[in-house]
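Data block below; observations after.
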Amino acid sequence: MEERILEFIGDLRRAELRISTSEALDALAASAEVGLTDRETFKSTLAATLVKEARDHETFDRIFNLYFLDLQALGEGLKKALGPEDPKVQEQLDRLVDEEGLDLDELTELLMRGQGSEMEMAIRGGAQGAGLERLMYFLQVGYFSRRIADQFDWSAIEADIEKIMQALEARGLDPGQLARIRNYLELRLEAFRRMIRQHVQRELERRAYRAGEQLTREVLADKPLFALTPDEVAQMKGVVAKLARRIKDALALRQRQEQKGRIDSRRTIRKSLQYGGVPMEIYLKRRHREKPKLITICDVSDSVRNASRFMLQLVWSLQECFSRVRSYVFVSEIAEVTQAFGTYPVERAIEWALKGAPVDYHCRSDFGYAFSRFANTELESLDRKTSILVLGDARNNYNDPQAWALRLIRERVKGIIWLNPEGQWGWGIGDSVMPLYAPACDIVRECRTVGQLGEVVDNLVHQWWRRGR
Amino acid sequence: MFESVEEVQQRFRDARYIASRRISTVVFLAARMGRPVLVEGPAGVGKTELAKTLSDVTSRGLIRLQCYEGLDEGKALYEWKYAKQLLYTQLLRERIGELIADAPSLPEAVSRIAGQDDAFFSYRFLSPRPLLQAIRADDPVVLLVDEIDKAEPEFEAFLLEVLSDFQVSIPELGTVKAKHVPLVVLTSNNARELSDGLKRRCLHLFIDFPTPADELEIIRLKVPEIPERLARAVVAAVQKIRALELRKPPSVSESIDWARSLVILNARELDPTLVESTLTLLVKYEKDIERVRGALEKVLAE
């Protein structure tokens with residue numbers, strides 16, 4: 001069993017759960033404490049020692065079910081497959097074996113009275129020599145099932161069945177009864193074969209799951225956002241959520257400042273009075289860290305739809321993390337969506353921003369107009385603590401870029417960060433006016449994939465807001 | 001302490017705490033392996049209560065360390081009573097003077113005073129805080145470190161050190177080793193991610209909102225005078241309200257409060273006006289209240 005647990009841990013690790021050696025040892029020790037009698041207890045034990053993040057429980061459950069079969073359920077399933085067990089037939093067989101002292105093959109014994117769990121264990125034993133680790137495709141299921149089946153001595157079983165039938169015949173059972181018993185045994189034999197096949201299928205599922213997980217993760221992180229299928233978009237949500245979590249953690253960790261700085265003489269002296277004027281405890285002046293003020297401006301036109309979806313999710317999460325975020329979306333008209341993002345849950349907020357926000361979705365994107373409108377109406381509310389995050393491809397449809405507006409905004413704020421979902425090679429080609437806007441920005445980054453988005457986020461958290469301290 | 005998981009479950013039940021299979025397994029393991037338990041989950045699902053019940057069930061004293069931002073070793077472990085030390089030296093000035101009066105040289109005087117070090121750095125002048133109390137306790141205790149996520153990461157690292165050896169060194173007094181390894185329960189509301197080291201060291205328990213059956217049991221246990229029909233209605237309504245995507249879904253403690261208030265109001269069943277007037281006991285944010293009000297019909301539907 002220990003090996004099985006270790007193998008299970010290996011798979012958890014492959015599914016990106018972080019499990020240390022000490023935790024693996026804990027799991028072994030703990031499962032020895034509780035034993036294997038109760039599946040639920042066993043599962044809780046492994047969960048308590050191995051899974052330390054609430055969000056990993058789902059993965060754990062899935063892999064656990066692939067590894068540790070619910071033998072009880074399996075037994076019931078087998079019973080169903082066999083049809084209602086015939087107690088009379090079973091009785092006759094039992095009596096026969098007892099009285100005649102027939103020398104039967106182990107497997108035949110198992111077949112005649114075994115429970116589902118014992119059969120499964122036998123199959124597992126047989127599978128060890130069958131080279132299942134080479135199992136990769138669905139088409140191989142038949143082949144490997146045969147290989148496992150080959151590990152059992154079927155001729156001996158058949159001979160045993162014949163032996164039983166003869167012995168029964170010698171006892172003078174009528175042909176009808178004989179046929180029923182033969183039928184019963186054959187049914188069980190068939191069920192056993194089916195169990196072998198199921199075992200192989202499960203194994204395949206486990207392997208496919210392993211490979212599949214890894215593949216999607218690697219591919220998704222580097223796939224251009226515009227090329228994602230709806231399925232992939234759904235998977236990607238989890239990735240962005242993790243990203244947002246990272247921002248939140250990083251910020252929470254920095255909530256307190258290092259104990260450095262100038263002495264706060266007022267508080268130190270006051271405290272020293274308690275000790276007869278001796279400054280036993282020293283207080284330092286708290287440096288006020290500026291709270292980040294953030295304004296996000298997101299292009300929601302059709303051309304960047306997929307990318308904006310992620311951007312908006314990020315915006316939504318940012319708004320949750322920072323207290324002072326204002327969010328805008330535009331196609332050519334620009335509108336503030338802060339309030340909606342604050343009230344709606346993430347899914348709805350994104351859908352709303354992509355379809356229902358008070359901007360006209362049927363026109364072509366016009367960055368210049370949007371920026372000039374923004375500069376006209378919002379310039380007064382900007383200050384040196386504000387950072388602006390622009391998300392868009394800067395494809396201006398040959399409209400007037402009005403770069404002066406962006407420059408004007410830049411003079412008022414701490415900085416402008418531009419994330420472009422288009423590859424760098426396309427900037428400046430065709431209707432892209434990125435080179436005109438770039439000089440007004442502090443950071444311009446290509447942000448085609450979620451991997452790149454992650455880098456940008458790290459950069460923001462660790463450098464951008466630190467810089468100003 | 002416990003012989004089996006079932007025993008844990010039974011004894012917790014007797015102490016009026018409904019422990020799911022998962023909870024009792026973890027408690028059992030913690031007692032067996034002497035490991036701290038890190039309990040995570042939404043507010044008000046009985047994380048702190050778990051520690052209290054554990055101390056009840058095992059008849060061990062409960063020592064509680066409430067964490068908050070700015071908590072440091074001085075508040076958690078021990079502190080010298082400087083003021084008392086100073087006062088004593090002032091009062092004893094003459095005695096000290098006598099002691100060194102006939103010292104032939106300054107170094108001799110210094111070493112005489114140094115010889116009396118112990119008088120001022122002894123347990124008499126030490127005020128032990130929860131962690132040291134737990135370690136120095138003569139009888140085994142349950143140590144509850146509440147809301148560890150509120151404290152800073154540095155404190156977490158320090159706590160980890162204490163939890164792995166159960167010993168503390170006080171420079172003036174030497175190392176204090178625990179007589180009994182305390183049962184440690186840490187709770188976290190997930191305000192921030194805890195360090196990997198701490199998580200590795202602990203058994204991890206995630207308590208979520210209870211299943212309807214468990215919640216019904218809890219309400220029956222905590223509000224014994226409630227009519228059965230009302231209890232069922234309360235549980236059904238609360239479960240539906242939790243599904244409404246609220247900013248803060250009602251916790252178990254809030255549904256207990258609500259049930260209690262309904263009993264006080266002599267209610268037999270839930271009707272819309274009653275629910276509306278008592279809703280503030282269950283849902284605490286203005287927006288959430290509005291949302292529940294809007295969905296009241298759905299919530300009360302059978």
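Just so we're on the same page: letters track the sequence lines, and every chain starts at 1.
Contacts with chain A (heavy atom to heavy atom, under 4.5 Å) involve these residues of residues 24-41 of chain B, listed by number: B:T25, B:V26, B:F28, B:L29, B:R32, B:M33, B:R35, B:E40. Annotation: residues 204-212 of chain B contacts chain A through B:H204, B:F206 [non-hydrogen atoms, separation under 4.5 Å]. Among the residues in residues 76-95 of chain B, those with a non-hydrogen atom closer than 4.5 angstrom to a non-hydrogen atom of chain A are B:Y82, B:A83, B:L86.
For a residue to count as touching a neighbouring chain, one of its non-hydrogen atoms must lie under 4.5 Å from one of that chain's; by this rule A:S22 touches chain B with the side chain only. Interface remark: A:D38 contributes side-chain atoms only to the contact with chain B (heavy atom separation under 4.5 Å). Heavy atoms of A:V51 lying under 4.5 Å from chain B belong exclusively to its backbone.
Chain A forms the most heavy-atom pairs under 4.5 Å with one residue out of B:V5, B:D149, B:D196, and that residue is B:D196. Most heavy-atom pairs under 4.5 Å with chain B: of the set A:I19, A:T49, A:T45, this distinction falls to A:T45.
Within 6.0 Å of CD on B:E161 lie no more than 12 heavy atoms contributed by other residues, nucleotides or ligands. Other residues, nucleotides and ligands contribute more than 12 heavy atoms inside 6.0 Å of the CZ atom of A:R13.
In this structure, B:K199 does not pair ionically with A:E23, as no charged nitrogen and carboxylate oxygen lie closer than 4.0 Å.
Note that the OG atom of B:S20 and the CD atom of A:E40 stand 9.0 Å from one another [nearest 0.5 Å]. A distance of 9.0 Å separates OG1 in A:T21 from CZ in B:R200, rounded to the nearest 0.5 Å.
Remark: A:R326 pairs with A:Y328, A:E378, A:S381 by the side chain to side chain donor-acceptor pair (under 3.5 Å) rule, at least two apart or across chains.
A donor atom on one side chain and an acceptor atom on the other are not found under 3.5 Å apart for A:S44 and B:R21.
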